[in-house]
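I am attaching a structure below and will ask some questions about it afterwards.
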Amino acid sequence: MALFHVRMDVDIPRDLDPDVRAETVAKEKAYSQDLQRQGKWREIWRIVGQYSNISIFDVESADELHEILWNLPLFPYMNIEIMPLTKHGSDIK
């Protein structure tokens with residue numbers, strides 16, 4: 001398994017049809033919660049005051065993460081930063 005720290009900043013156009021927006025956001029929630037249940041989307045935190053989150057993904061590879069992110073319904077409206085993680089030498093676990 002590979003761990004990734006992912007920051008997602010969402011910028012939905014203000015002129016997007018409200019029904020399309022609501023449907024897209026609902027699909028995003030269902031998709032992300034399914035990935036959480038599978039253990040692939042390990043953690044998700046809101047960044048205070050922003051339409052952004054910091055997430056930890058636990059996936060088989062960078063390719064799998066790429067597929068997951070590309071399939072996010074809000075992907076077209078996101079700026080995403082990814083940092084691969086590895087165990088720290090001072091970690092006592």
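Predicted model, so just to flag it, every value in this text is computed and none were measured.
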Exercise. Are V25 and I12 side-chain neighbours, meaning at least one heavy-atom pair lies under 4.5 Å?
Worked result: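 In contact.
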Problem set entry | Spacing of CZ belonging to R37 relative to CD belonging to Q33, to within rounding of 0.5 Å |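 Interatomic distance, R37 CZ to Q33 CD, rounded to 0.5 Å: 5.5 Å.
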Problem set entry | Side-chain touch V6/I56, heavy atoms, less than 4.5 angstrom |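 No, side chains not in contact.
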For this session: Decide yes or no for Y51 and L74: does some side-chain heavy atom of the first lie under 4.5 Å from some side-chain heavy atom of the second?
Result: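 Yes, side chains in contact.
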For this session: Answer yes if the side chains of N53 and S55 hold a donor-acceptor pair under 3.5 Å, and no otherwise.
Result: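 Yes, because at least one side-chain N or O of N53 sits under 3.5 Å from a partner of the opposite role on S55.
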For this session: Could you grab the distance from atom OG of S32 to atom CE of M8, nearest 0.5 Å is fine?
Result: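 It is 8.5 Å, given to the nearest 0.5 Å.
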Exercise. Any salt bridge between R21 and D19, counting N to O under 4.0 Å?
Worked result: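 Judged by the 4.0 Å cut-off on N to carboxylate O distance, R21 and D19 do not form a salt bridge.
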Exercise. Within a reach of under 6.0 Å around CG of D11, are more than 12 heavy atoms found that belong to other residues, nucleotides or ligands?
Worked result: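 Not buried by this count: 12 neighbours or fewer within 6.0 Å.
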Exercise. Considering all heavy atoms of both residues, which atom of H5 and which atom of I54 are nearest to each other, and what is their separation?
Worked result: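 Scanning both residues completely, I find the closest heavy atoms to be NE2-CG2, 3.4 Å.
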Exercise. Can you tell me if D34 uses its side chain to pair, donor with acceptor, with the backbone of A30 under 3.5 Å?
Worked result: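 No, the answer is negative, given that no donor and acceptor are paired below the 3.5 Å cut-off.
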For this session: Please answer whether the main-chain N or O of E43 pairs with a side-chain N or O of W41 as donor and acceptor at a distance below 3.5 Å.
Result: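 Here the side-chain-to-backbone pair exists.
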Problem set entry | I44 vs Q36, side-chain contact (heavy atoms from CB on, under 4.5 Å): CA-CA, chis, key distance, verdict | CA-CA 9 Å; I44 183 170; Q36 289 173 62; 4.1 Å; yes
Problem set entry | Any L72 side-chain heavy atom under 4.5 Å of E28 side chain |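 Sidechains of E28 and L72: in contact.
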Exercise. Can you check side-chain contact (heavy atoms from CB on, under 4.5 Å) on D58 and F4, steps first, answer last?
Worked result: CA-CA 7 Å; D58 188 351; F4 293 89; over 6 Å; no
Exercise. Can you tell me how far OH of Y77 sits from CG of L16, rounded to the nearest 0.5 angstrom?
Worked result: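 Here the interatomic distance stands at 4.5 Å.
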Exercise. Does F57 reach the side chain of L69, with side-chain heavy atoms less than 4.5 Å apart?
Worked result: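 Result yes, sub-4.5 Å side-chain heavy-atom pair found.
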Exercise. Does any N or O in the side chain of E64 come within less than 3.5 Å of the main-chain N or O of E60, such that one atom is a donor and the other an acceptor?
Worked result: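 Yes, the answer is positive, given that a donor and an acceptor are paired below the 3.5 Å cut-off.
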Just list the side-chain donor-acceptor pairs under 3.5 Å for residues 78-89, sequence neighbours left out, or say none.
residue, atom, partner, partner atom, Å
K87, NZ, D91, OD2, 3.3
H88, ND1, S90, N, 2.9

Problem set entry | Backbone N/O of I68 and side chain of Y31: donor-acceptor pair under 3.5 Å |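 Yes.
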Exercise. Just wondering, are more than 12 heavy atoms of other shown residues or ligands nearer than 6.0 Å to CH2 in W70?
Worked result: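 Not more than 12 within 6.0 Å, no.
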Exercise. Does R46 use its side chain to pair, donor to acceptor, with the backbone of S52 at less than 3.5 Å?
Worked result: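 Judged by distance alone, yes, a pair lies under 3.5 Å.
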